[in-house]
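All values derive from a computational prediction rather than experimental measurement.
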Amino acid sequence: MASEGLAGALASVLAGQGSSVQSCDSAPAGEPPAPVRLRKNVCYVVLAVFLSEQDEVLLIQEAKRECRGSWYLPAGRMEPGETIVEALQREVKEEAGLHCEPETLLSVEERGPSWVRFVFLARPTGGILKTSKEADVESLQAAWYPRTSLPTPLRAHDILHLVELAAQYRQQARHPLILPQELPCDLVCQRLVATFTSAQTVWVLVGTVGMPHLPVTACGLDPMEQRGGMKMAVLRLLQECLTLHHLVVEIKGLLGLQHLGRDHSDGICLNVLVTVAFRSPGIQDEPPKVRGENFSWWKVMEEDLQSQLLQRLQGSSVVPVNR
């Protein structure tokens, strides 16, 4: 029965869905993490990349005093009570005058758990492109520009990579379409699909406190975890059950994203694909030994799940997380 429950949970995460976070298997030392609150201890930013059939990019001209007249992709901070998609649609409407729908999450960028930016490939669904006659505090205007000939000055050159990422995705999608799932969470946390592979066999790390489950690690908001980024929470959980000095741990990227936004539920859960391998060369048929009783390795026997995992691992078929 436990294996059936794990198989269902893994299938859900691989499909970009996930599940509610009930508790965390690892948390920073000291006091339990306080619930996160937008505009108080966390900041989430949404950003949209639009590409037309003519390979044009939608840009907005900034109205803020510190960058007035420069160009950028539609972007802005989320407000309390919004879902991620609602925030994206509001920002695009305010800055570009267009209604839109997100197609997929393209990347997630972080500067530690308290600042996270969600980058989407999106498409317009209506509205009227904002002109200089409609200039306001949100933007001066919006316009389409050839992808290979963007206007100057740009507010920042970080968007160049994002535009190319969108173009590459349009040409050949590396990961399935992924959109945020509206599921509540009080913290910034990560659900791990931590894998060990050998001879086409896959093991997945499982939390064993209560019902067997994919382990969840809470991100701290203290200065040390801010400096180290969100990978700190992943490494902390793995250090609690594995001897890491003889292992190589790689965070591949995201399989999905969870957030609600309503009812003061400002937390996010990132469903993360992680690989664990031995550092020393040689053939190792079994995963590294687990210390303690709170975790164990689960050998994935279901052929479909095993095939999906191997495909995602071998093709890096995940949403990248950039720092």
Side-chain angles (χ1 to χ4, degrees), residues 5-25 35-38 42-49 77-92 100-110 113 116-123 125 169 173-194 204 207 211 213-219 230 233-234 251-274 305 308-309 311-312 317-321:
L6 285 169
L10 179 57
S12 178
V13 169
L14 289 172
Q17 297 167 359
S19 59
S20 296
V21 175
Q22 303 299 328
S23 61
C24 293
D25 298 273
V36 299
R37 292 288 181 267
L38 270 174
V42 294
C43 173
Y44 303 146
V45 177
V46 291
L47 181 147
V49 185
R77 294 183 180 187
M78 286 179 57
E79 299 288 351
E82 289 182 315
T83 68
I84 295 174
V85 170
E86 287 170 347
L88 184 79
Q89 292 171 329
R90 174 183 54 77
E91 286 291 346
V92 171
C100 74
E101 289 292 336
E103 294 183 38
T104 186
L105 187 65
L106 269 183
S107 76
V108 171
E109 303 169 324
E110 53 105 353
V116 185
R117 182 162 76 170
F118 307 107
V119 178
F120 290 88
L121 178 63
R123 59 182 176 86
T125 59
Y169 190 89
R174 292 189 64 181
H175 60 77
L177 297 176
I178 294 175
L179 292 175
Q181 300 298 300
E182 294 182 14
L183 292 166
C185 186
D186 289 331
L187 307 171
V188 176
C189 61
Q190 297 171 83
R191 177 182 286 112
L192 272 58
V193 179
V204 171
M211 291 293 292
H213 58 277
L214 297 173
V216 175
T217 180
C219 298
M230 296 178 72
V234 173
I251 301 171
K252 307 293 283 187
L254 300 187
L255 296 164
L257 166 65
Q258 302 177 192
H259 170 266
L260 184 63
R262 304 185 187 92
D263 303 321
H264 304 289
S265 184
D266 291 337
I268 56 173
C269 179
L270 306 176
N271 295 322
V272 184
L273 183 62
V274 178
L305 281 181
Q308 286 187 58
L309 270 173
Q311 184 179 8
R312 303 299 285 271
S317 181
V318 288
V319 174
V321 180

Working to the nearest 0.5 Å, report the span between [atom1] of [X] and [atom2] of [Y].
| X | Y | atom1 | atom2 | value |
| --- | --- | --- | --- | --- |
| E101 | T125 | CD | OG1 | 5.5 Å |
| N271 | Q258 | CG | CD | 4.5 Å |
| L88 | M78 | CG | CE | 10.0 Å |
| Q181 | T83 | CD | OG1 | 11.5 Å |
| F118 | L47 | CZ | CG | 12.0 Å |
| L260 | C269 | CG | SG | 13.0 Å |

Do the non-hydrogen side-chain atoms of [X] and [Y] ever get within less than 4.5 Å of each other?
| X | Y | value |
| --- | --- | --- |
| S107 | Y169 | no |
| V318 | L255 | yes |
| L192 | D25 | no |
| E109 | V45 | no |
| P180 | V85 | yes |
| Y44 | I84 | no |
| V321 | I251 | no |
| S317 | Q308 | no |

Check [X] against [Y] and note the closest heavy-atom contact, atom names and distance.
| X | Y | result |
| --- | --- | --- |
| C100 | Q89 | O-NE2, 3.1 Å |
| T104 | P176 | OG1-O, 3.9 Å |
| L187 | C24 | CD1-SG, 4.0 Å |
| I178 | G256 | CG2-CA, 4.1 Å |
| D266 | H259 | O-CD2, 3.8 Å |
| A233 | C219 | CB-SG, 3.8 Å |

Donor-acceptor pairs under 3.5 angstrom involving side-chain atoms of residues 7-22: please list them, not counting sequence neighbours.
unit_1, atom_1, unit_2, atom_2, d
S12, OG, G18, N, 3.1
S12, OG, G18, O, 3.0
S19, OG, R191, NH2, 3.3

| Would one find more than 12 heavy atoms of other residues, nucleotides or ligands at under 6.0 Å from atom CD of E79? | yes
| task | Answer yes or no: are there more than 12 heavy-atom neighbours, outside R174 itself, under 6.0 Å from its atom CZ? | result | no
| query | Among all residues two or more places apart in sequence or in another chain, which pass the salt bridge (Lys or Arg N to Asp or Glu O under 4.0 Å) test with R262? | reply | E86, E182
| request: Check side chain to side chain contact (heavy atoms under 4.5 Å, CB included) between L270 and all other residues, then give those that pass, not counting sequence neighbours. | output: Q190, M230, L254, L257, I268, V272
